[in-house]
Amino acid sequence: MAADGFLQDKGKKMSEIITYTKIHMDPFAPKPEDFCIADIAHALSLMTRANGHFPIFYSVGQHCIACCKEAAARGYPPRLSLACLLHDAGEAYLSDLTRPVKQHLDAYCAAEERLLDLLYARFLGAALSPQEKQAVAKIDDTMLYYEFLEMTGERLSDCAETLAEVPRFVTEPFTDTEKEYNRLYGLLSAQAAKIQD
C-alpha cells in the first residue's frame, strides 16, 4: 500500500508532523495547543547551525541559549530574554534554512512568521512589539557574526556589536543543551510572570 494510503488508513495526514512528545500538527495551520517547550528544546538541540557546514556540531539550541544569555547579560527584561530563547522555535516545526535560501521562499517565510507569532503569544502572552523584534534580531545577527568568526574565520559584515557575554562555541551533548533550554525557559517564565503580577 502506498505511504499516503497507509497514513490515511491510520487517520493521519501527510500535512502533519509528529513531534517528540507525539503531538500531531500541521506546521502550515498550527494551533496554540500544538506547541510544547519539550518538543522545541529537543528538536533544536539536535538541529545543526549553518546547514552542517561548521567544522564541529553546534546546534540551533546552543545558538538560542547563547542569544538568551546575551540578552540577560545586557540587562534586558526576562520577557525579552525569553523571546531570544524562542526566536528560532519555529524551526522545530519547519526545519532550519540558511538565510540565502530562506529569502527566496516566500511561503516558508510566511509560515515561519505565523508560527513565531503564535509561539510568542502562547509562551509570552502576546506577540513581540516592533521594538522587541528589533532587539531580538540585533542579538541574533550579532551572535551569527561571532559564530561564523569563531567557526570559519569569516566576517559576515564589517562590524558587529561587542558581546556582553561570550558563549562557548563548542560541541555539547544534545541532552545537555536540551536540559539547559528547558531550565532557562522555566526560570525566565517564572521571572516574567512575577513582573506581570
Side-chain angles (χ1 to χ4, degrees), residues 37 40-103 108-109 112-113 115-117 119-120 123-124 127-174 176-189 191-192:
I37 285 297
I40 294 165
H42 183 76
L44 297 186
S45 71
L46 289 167
M47 198 172 292
T48 185
R49 288 283 283 167
N51 209 27
H53 291 289
F54 283 160
I56 63 168
F57 179 81
Y58 185 76
S59 72
V60 175
Q62 288 174 268
H63 164 78
C64 292
I65 289 167
C67 288
C68 172
K69 289 181 175 181
E70 177 64 18
R74 292 182 182 196
Y76 290 171
R79 174 181 158 84
L80 199 50
S81 296
L82 194 52
C84 284
L85 185 68
L86 293 166
H87 79 279
D88 281 337
E91 294 174 9
Y93 304 97
L94 295 174
S95 195
D96 187 18
L97 294 177
T98 58
R99 288 184 186 192
V101 173
K102 191 185 294 188
Q103 68 184 344
Y108 176 95
C109 293
E112 183 179 44
E113 187 172 345
L115 271 170
L116 275 177
D117 284 345
L119 283 158
Y120 287 139
F123 296 117
L124 299 177
L128 299 186
S129 70
Q131 294 81 10
E132 288 173 323
K133 283 184 180 180
Q134 185 177 18
V136 171
K138 189 174 280 192
I139 287 178
D140 185 27
D141 287 344
T142 301
M143 201 60 64
L144 177 72
Y145 173 89
Y146 284 105
E147 287 168 353
F148 268 82
L149 185 62
E150 175 70 21
M151 301 287 190
T152 70
E154 296 280 341
R155 296 181 185 274
L156 299 183
S157 60
D158 291 335
C159 61
E161 294 182 348
T162 301
L163 290 173
E165 180 172 309
V166 180
R168 293 173 58 238
F169 297 117
V170 297
T171 297
E172 293 181 353
F174 83 89
D176 291 355
T177 300
E178 186 176 359
K179 285 176 190 171
E180 179 65 357
Y181 194 103
N182 283 313
R183 185 192 74 80
L184 285 170
Y185 172 77
L187 175 69
L188 292 166
S189 293
Q191 290 175 353

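- Side chains of Phe123 and Ile37 form a contact here, defined as non-hydrogen atoms less than 4.5 Å apart.
- Put simply, the side chain of Ser45 gets close to the backbone of His42: a donor and an acceptor are under 3.5 Å apart.
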Please tabulate, for the side chains in residues 56-65, all donor-acceptor contacts under 3.5 angstrom to protein atoms that are two or more places apart in sequence or on a different chain.
{"from": "Ser59", "atom 1": "OG", "to": "Gly61", "atom 2": "N", "distance (Å)": "3.4"}
{"from": "Ser59", "atom 1": "OG", "to": "Gln62", "atom 2": "N", "distance (Å)": "3.0"}
{"from": "Ser59", "atom 1": "OG", "to": "Gln62", "atom 2": "OE1", "distance (Å)": "3.4"}
{"from": "Gln62", "atom 1": "OE1", "to": "Ser59", "atom 2": "N", "distance (Å)": "2.9"}
{"from": "Gln62", "atom 1": "NE2", "to": "Val170", "atom 2": "O", "distance (Å)": "2.7"}
{"from": "His63", "atom 1": "ND1", "to": "Arg49", "atom 2": "NH2", "distance (Å)": "3.3"}
{"from": "His63", "atom 1": "ND1", "to": "Glu147", "atom 2": "OE2", "distance (Å)": "2.7"}
{"from": "His63", "atom 1": "NE2", "to": "His87", "atom 2": "NE2", "distance (Å)": "3.1"}
{"from": "His63", "atom 1": "NE2", "to": "Asp140", "atom 2": "OD1", "distance (Å)": "2.8"}

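- Atom CD1 of Ile139 and atom NZ of Lys69 lie 14.0 Å apart (nearest 0.5 Å).
- For the pair Ala92 and Ile40, the tightest heavy-atom approach, listed with the atom from each and the gap, is CB-CA, 4.0 Å.
- Rounding to the nearest 0.5 Å places CG of Leu163 at 5.0 Å from OH of Tyr146.
- Remark: Gln134 engages no residue in a side chain to side chain donor-acceptor pair (under 3.5 Å) (not counting sequence neighbours).
- In this structure, the side chains of Leu46 and Glu178 stay at 4.5 Å or more apart for every pair of heavy atoms.
- Counting all heavy atoms, side chain and backbone alike, Ala41 lies closest to Tyr181 at CB-CD2, 3.6 Å.
- Put simply, the side chain of Glu70 gets close to the backbone of Glu165: a donor and an acceptor are under 3.5 Å apart.
- In this structure the side chain of Leu94 reaches within 4.5 angstrom of the side chain of Tyr108, judged on heavy atoms.
- For Lys102, the NZ atom counts as densely surrounded, since its 6.0 Å shell holds more than 12 non-hydrogen atoms of other residues, nucleotides or ligands.
- When all heavy atoms are compared, the tightest approach of Glu91 to Met47 is O-CE, 3.3 Å.
- Glu172 is not listed as a side-chain neighbour of Glu180, based on a closest heavy-atom distance of 4.5 Å or more.
- For the atom pair OG of Ser95 and CD of Glu112, the computed distance is 10.5 Å after rounding to the nearest 0.5 Å.
- Pro78 and Leu188 make their closest contact through CB-O, 3.9 Å (heavy atoms, listed as atom of the first residue, atom of the second, distance).
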ask   = Would Tyr185 and Leu85 count as a side-chain contact (heavy atoms from CB on, under 4.5 Å) if you check the C-alpha gap in whole Å, the side-chain angles of each, and the deciding distance to 0.1 Å?
value = CA-CA 8 Å; Tyr185 172 77; Leu85 185 68; 3.9 Å; yes
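- In terms of heavy atoms, Leu44 sits closest to Asp88 at CD2-O, 3.7 Å.
- Residues Ser81 and Gln191 form no side-chain contact, since every pair of their non-hydrogen atoms from C-beta on lies 4.5 Å or further apart.
- Looking at Leu119 and Leu86, their side chains never come closer than 4.5 Å, going by heavy atoms from C-beta outward.
- Considering CG of Asp141 and OH of Tyr145, their distance stands at 12.5 Å, rounded to 0.5 Å.
- Counted within 6.0 Å of CD on Glu113, heavy atoms from surrounding residues, nucleotides or ligands total 12 or fewer; the atom is thus considered open.
- Closest approach of Lys133 and Asp117 over heavy atoms only: NZ-OD1, 4.1 Å.
- The structure places CG of Leu124 at 9.5 Å from CG of Leu80, a figure rounded to the nearest 0.5 Å.
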